[in-house]
Amino acid sequence: MKIQNIRDHLRNFRVGIAGAGGLGSNCAVALARTGIGTLVIADYDVVEEGNLSRQYYFLNQIGLLKTEALKDNISLINKDVRVISHNLLISPGNIPEIFRECDVIVEAFDRKEMKEMLIETVQNKMPGLPVVVASGLAGWGNCESIRCRKIDETLYVCGDETTEVSDDMPPLAPRVGVVANLQADTVLEILMKKEH
Amino acid sequence: MRILLNNREVDFEEEIMSVSEMLDIKKFTFRMRIIKINGILVPKDAYETTIIRNGDNVQMLYLMSGG
C-alpha cells in the first residue's frame, strides 16, 4: 500500500491519548507523522525541565501546559492533524465524554493505579473500544523483551510487563520511545484493518 | 480443573476456585494486574467473589509504573 493510500485511510480516524508524558507525547508525534486524522490528548500537567529527558517537549516550553505544548509541536510536524486537547485530570467520570467517538485509546499514564483506572473504565463503560496499554519500560537495555501482546480485540499491552520505574530504574528516552512507538504501531495495525 | 491461563493450559487440583484463590495458589499476589475471564474484565473488588471454572479462558496482564 502506498503512503498516500495509508494517509487517506488514517485521516478518517480519531485516536485518544490518555496522558501527555513520555509515552503520550512520543506516541502522539508518531501518529501525527503517520497521518491520523484527529488526536484527542488529555493531561493536566505542565512541562518541567526534568521531562525533557524523554518527553517530546523543548526547553522554551517549560511551564506550558503539556496539552498546549504538544498541540504546538504537532502543528509544526503535520498541519493536517486535528488536535483536540483537554487540560484536566482524567477520571472515571470524564473518560467517556473526553474520548467519545475515538476509534482507539492509548493508555499513556505513568502510575499503575491510573493505568488500572483507565482500563477498567473503558472496558466497563465503552465496550468494544480498543485500549493500547503500556507496561514495563524502566531502565535501559534488553529492548528485545519489549513486545506487544494482544489480550483480545479490545486490549493490547506494550512493554516488558516486568520493569518498574524507581529511583534506581528511571524511565529513559530509548526504552520509553520504543514502547511509545510500539503503541503507535499497534494503533496503526488496528486502524489499517478497520473500515471507516 | 484445567483452565487457559494467558493462552497456556494450566491444571489445578481444585474443582472450582475464586480469582483470589487462584492468585494465592499461583503465588501471583504481589503485583498489580488486570484480569479478564472469558473476555470479561474482573474488577479488583470482585476477586473474592468471582469464580473460575473448568475450561475458562483467563487472561492476565501486569501493570508496572512508568511512562
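First the proteins, then the strands, lettered A, B, ... as listed; each starts at 1.
- Considering OG of A:Ser135 and CZ of B:Arg33, their distance stands at 11.0 Å, rounded to 0.5 Å.
- Taking chain B as the reference chain and counting heavy-atom pairs below 4.5 Å, the highest number among A:Met114, A:Gln55, A:Glu120 is found for A:Glu120.
- Hydrophobic clustering, with ILVMFWY side chains joined whenever heavy atoms are under 4.5 angstrom apart, groups A:Val187 together with A:Val81.
- Residue A:Tyr44 qualifies as open at atom OH: its count of foreign heavy atoms under 6.0 Å is 12 or below.
- A single hydrophobic cluster is not seen to contain both A:Phe109 and A:Leu39; linkage of ILVMFWY side chains at heavy-atom distances under 4.5 Å, directly or through other members, places them apart.
- When heavy atoms are compared at a cutoff of 4.5 Å, A:Gln123 approaches chain B solely by way of its side chain, counted from C-beta outward.
- When the candidates A:Val176, A:Leu23, A:Val157 are compared by the number of heavy-atom contacts under 4.5 Å with chain B, A:Leu23 comes out ahead.
- The distance from the CD atom of A:Glu161 to the CE atom of B:Met60 is 9.5 Å, given to the nearest 0.5 Å.
- Around CG of A:Asn5, the count of heavy atoms belonging to other residues, nucleotides or ligands within 6.0 Å exceeds 12.
- Atom CD1 of B:Ile35 and atom CD1 of A:Ile151 lie 11.0 Å apart (nearest 0.5 Å).
- Inter-residue side-chain proximity for A:Val133 and B:Ile34 is flagged as unmet; no heavy-atom pair is nearer than 4.5 Å.
- The same ILVMFWY cluster, assembled from side-chain heavy atoms under 4.5 Å apart, contains both B:Tyr62 and B:Val19.
- Using a 4.5 Å heavy-atom cutoff, the side chains of B:Leu63 and A:Ile119 are in contact.
- Note that the CE atom of B:Met64 and the NZ atom of A:Lys115 stand 10.5 Å from one another [nearest 0.5 Å].
- Taking the side chain as every heavy atom from C-beta outward, B:Gln59 and A:Leu155 never approach each other to under 4.5 Å.
- B:Tyr47 and B:Met22 end up in the same hydrophobic cluster when Ile, Leu, Val, Met, Phe, Trp and Tyr side chains are linked at under 4.5 Å.
- No part of A:Ser166 comes within reach of chain B, as not one of its non-hydrogen atoms sits under 4.5 angstrom from that chain.
- Within a 6.0 Å sphere centred on CD of A:Glu144, other residues, nucleotides and ligands contribute more than 12 heavy atoms.
- With a 4.5 angstrom heavy-atom cutoff, B:Lys44 touches chain A via backbone and side-chain atoms both.
- Clustering ILVMFWY residues whenever any of their side-chain heavy atoms sit less than 4.5 angstrom apart, transitively, puts A:Val83 in the very cluster that holds A:Val106.
- Taken to the nearest 0.5 Å, the OG atom of B:Ser65 stands 4.5 Å off from the CD atom of A:Glu164.
- Among A:Thr162, A:Val179, A:Asp152, the residue with the largest count of heavy-atom pairs under 4.5 Å with chain B is A:Thr162.
- Proximity to chain B (any heavy atom under 4.5 Å) is restricted, for A:Arg149, to the side chain, taken from C-beta onward.
- Counting non-hydrogen atoms of other residues, nucleotides and ligands closer than 6.0 Å to CD1 of B:Ile40 gives a total of 12 or fewer.
- Of the atoms belonging to A:Glu107, not a single heavy atom falls under 4.5 Å from chain B.
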